[in-house]
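Quick notes on the structure that follows.
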Amino acid sequence: PARARPDKTGKVITCKGAGPDEKSASALPKGMQLIVTARTKARRRAVDVLFEADQRGRYRPLELSDLLQERLAVTAAQTALPQYSADIVDGVAANLAEIDEVLSTHLQGWTLERLPAVDRAILRMAVWELLYNDEIDDAVAISEAVTLAATLSTDDSPAFVNGLLDALRVLGPALRAELRGMSPSA
């Protein structure tokens, strides 16, 4: 999984492929480097699709699924959309109302609509991983989301994303049970 860690020399390593629209790994804390895995790349691509849907006003579940099908057929990237990206976007589309309700309920002093669009995309992806994808460890989902926020969003976003997702992690078992229609003790 992608995570930040000190490199052997203690220096910051710049991400390969950092484009003009994103920050480099130097946005990470001093002495940390970014480790990029296939799932990290897939998460980034999923966030790209979720962000595009938001910008185009296509954030209803069926519209989001349609956009995913378009991106699977034709992508602006050099490579096809990874399967895990499709899984994330499908999962967010299938559970969008519940994901947005969880986010809206736990945002303190903010509304979902007031968040930067990239933060909404990152949070929707991360909440899907935390609450609906049992294959992903909570710490990995949070770390990946924080890293994406550090790379793609404002300077304040990583701490905000981390705080919100950690609160949801603590509530995770109860939220999962509620979303799956069970009592938390079941």
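Computation of the quantities below employed the complete heavy-atom set of this structure, encompassing side-chain atoms and omitting hydrogens, waters and symmetry-equivalent molecules.
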Are [X] and [Y] within salt-bridge range, i.e. N to O under 4.0 Å?
X	Y	value
E63	R56	no
D100	R120	no
E135	R39	yes

Candidate pair Y84 and T40, rule side chain to side chain contact (heavy atoms under 4.5 Å, CB included), full reasoning: CA-CA 10 Å; Y84 190 60; T40 298; over 6 Å; no
To the closest 0.5 Å, what do you measure between [atom1] ([X]) and [atom2] ([Y])?
X	Y	atom1	atom2	value
E129	I88	CD	CD1	5.0 Å
D138	L168	CG	CG	10.0 Å
L64	D90	CG	CG	8.5 Å
I142	T147	CD1	OG1	11.5 Å
L131	I136	CG	CD1	13.5 Å
L115	W110	CG	CH2	6.5 Å

What pair of heavy atoms forms the shortest contact from [X] to [Y], and how long is it?
X	Y	value
L165	A145	CD1-CB, 3.5 Å
L112	S104	CB-OG, 3.9 Å
S153	D119	OG-OD1, 2.6 Å
V92	R124	CG2-O, 3.7 Å
L81	A86	CD2-N, 4.5 Å
A121	L50	O-CD1, 3.6 Å

Derivation and outcome, side-chain hydrogen bond (donor to acceptor under 3.5 Å, both in side chains), residues E101 and T105: CA-CA 6 Å; E101 178 64 28; T105 300; 3.1 Å; yes
Do [X] and [Y] have side chains that get closer than 4.5 Å, going by heavy atoms?
X	Y	value
F51	D48	no
L179	Y132	yes
V89	W128	no
H106	L171	yes
R60	L62	no

Derivation and outcome, side chain to side chain contact (heavy atoms under 4.5 Å, CB included), residues L107 and R114: CA-CA 11 Å; L107 285 170; R114 202 172 133 219; over 6 Å; no
Main-chain N/O of [Y] paired to [X] side chain as donor or acceptor, under 3.5 Å:
X	Y	value
R71	R45	no
N95	G91	yes
R43	A126	no
S143	A139	no

